[in-house]
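Working notes, beginning with the structure itself.
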Amino acid sequence: MLNASSVVVLDFETTGLSPDMGDRAIEIGAVRIENGEITGRFQQLMNPGRRVSGFIEDYTGISNVMLKGAPSCAEVMYEFADFIHGYNLVAHNASFDKRFLDAELGQVSRRYSGEFACSMLVARRIYQHSPDHKLGTLVRYANIPSEGVFHRALYDSEMAAKLWLSMLDSINKQYGLNEIPFKLMQKIAKTPKHSVAKLLKLY
DNA sequence: TGCCAGGCCCTCTTTAGGGCCTT
């Protein structure tokens, strides 16, 4: 799976910002894309074993009542490891989701083989004129239809997936690259803004 | 109960500080 148009785009809702400080996942959502088409979806609430704060209930719409009946993080993440097996991974601000993926899979002794790319870092370079680079703003900027509620895992992963495909399309149209390797997207994310055009013209 | 992070990126930079993004 070396092509950027075949990836799993994922998004976590969590109890807070840092697994190192004891925060846990409460929902995982993911969309599998193969050759630019959505071919699979994964969504599951998970019980972190303690109450979540009022802030998180308000922010995500996920309540303690909803989590009470949900399966454990271990149960869900074990299954999720199968869903992502063999795919490269994309997330909006990937460093955040990678930390939680590593922490939660570590708890169930599962690993993954794919590499991460960050849609936010790519968007800062490909959509430089967007007012900001929050997921919701970029979705509007790219004219992607959206009717759901942000801050739920499946919806955010689906919007990030469409943003990812939109950026691949923009690169294709602007630079004539229709087969974009995943490695090139990772390289774009690390290239200084002012050098991205040069990188893609020479590719 | 209340608190917390970390990587990127810009600039009035590099012996640093602060905003952006994610929950």
Side-chain angles (χ1 to χ4, degrees), chain A residues 7-31 42-67 70 73 76-77 80 84 89-107 115-142 144 146 148-164 166-167 185-199:
Chain A
V7 296
V8 169
V9 184
L10 62 91
D11 182 69
F12 278 104
E13 305 305 317
T14 69
T15 64
L17 292 172
S18 173
D20 289 342
M21 299 297 294
D23 286 317
R24 298 295 304 268
I26 58 173
E27 187 181 42
I28 179 70
V31 172
F42 189 103
Q43 178 180 37
Q44 188 62 61
L45 289 170
M46 54 190 123
N47 190 331
R50 57 186 171 82
R51 291 182 65 79
V52 302
S53 69
F55 172 79
I56 292 298
E57 284 189 314
D58 291 344
Y59 187 80
T60 64
I62 298 168
S63 67
N64 283 294
V65 173
M66 290 163 70
L67 293 173
C73 294
V76 172
M77 293 309 298
F80 188 63
I84 63 176
L89 305 170
V90 171
H92 201 69
N93 199 11
S95 69
F96 174 86
D97 292 280
K98 182 178 188 300
R99 282 198 299 278
F100 278 95
L101 184 67
D102 290 351
E104 294 294 350
L105 288 183
Q107 299 248 346
E115 294 185 16
F116 264 96
C118 177
S119 58
M120 183 191 75
L121 294 180
V122 173
R124 282 180 177 169
R125 291 156 175 81
I126 300 300
Y127 293 150
Q128 293 190 20
H129 301 299
S130 176
D132 62 52
H133 296 86
K134 293 181 175 75
L135 180 60
T137 305
L138 286 162
V139 163
R140 284 192 297 278
Y141 182 78
I144 295 165
S146 68
V149 180
F150 282 100
H151 304 308
R152 284 300 297 268
L154 181 61
Y155 189 72
D156 280 9
S157 66
E158 191 134 1
M159 290 298 104
K162 289 181 177 173
L163 173 66
W164 183 254
S166 168
M167 292 194 292
M185 295 300 275
Q186 289 178 311
K187 195 167 181 180
I188 290 169
K190 287 188 194 170
T191 300
K193 268 187 203 173
H194 61 272
S195 303
V196 169
K198 188 179 172 189
L199 168 75

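Chain naming here is simple, since letters A, B, ... match the order of the sequence lines and numbering starts at 1 in each.
In this structure, A:Asp97 reaches neither bases nor backbone, as no heavy-atom distance under 4.0 Å exists between it and the strands shown. Using a 4.0 Å heavy-atom criterion, one finds that A:Phe100 contacts no nucleic acid atom at all. Nucleic acid contact class of A:Ala189 (heavy atoms, under 4.0 Å, all strands): sugar-phosphate only. Here A:Thr60 lies in heavy-atom contact (under 4.0 Å) with sugar-phosphate atoms only. Across all strands, A:Leu121 comes closer than 4.0 Å only to sugar-phosphate atoms, never to a base (heavy-atom distances). Residue contacts shown for A:Asp156 are limited to sugar-phosphate atoms, with no base heavy atom under 4.0 Å away. Within the nucleic acid shown, A:Met120 comes within 4.0 Å of sugar-phosphate atoms alone, with no base atom in reach, counting heavy atoms only.
Each of A:Asp23, A:Ile26, A:Thr14 was evaluated against A:Pro48; a single residue qualifies, A:Ile26, per the side-chain contact (heavy atoms from CB on, under 4.5 Å) test.
In terms of position on DNA chain B, the residue among A:His133 and A:Asp23 whose nearest nucleotide sits closer to the 5' end is A:Asp23. Both A:Lys190 and A:Asn93 lie near DNA chain B, and the one whose nearest nucleotide falls closer to the 5' end is A:Lys190.
The side chain of A:His92 places no N or O atom within less than 4.0 Å of a non-bridging phosphate oxygen (OP1 or OP2) of B:dC21.
When the P atom is compared between B:dT14 and B:dG18, the two are found 13 Å apart, to the nearest whole Å. For the P atoms, the distance from B:dG19 to B:dC12 is 15 Å, rounded to whole Å. Atom P of B:dG2 sits at a distance of 23 Å from the matching atom of B:dG6, rounded to the whole Å. Look at the C1' atom in both B:dT13 and B:dC8: the space between them is 15 Å, to the nearest Å. For the C1' atom pair drawn from B:dC4 and B:dT23, the interatomic distance equals 12 Å after rounding to whole Å.
Annotation for A:His92 and A:Asp97: closest pair O-OD2, 3.8 Å, computed over non-hydrogen atoms. Between A:Phe100 and A:Leu17, the shortest heavy-atom distance links the atoms CE1-O, 3.8 Å.
Counting heavy atoms from C-beta on, the side chains of A:Thr60 and A:Glu27 never come closer than 4.5 Å.
Classification of the A:Tyr59-A:His151 ring pair by plane angle, with boundaries at 30° and 60°, yields tilted.
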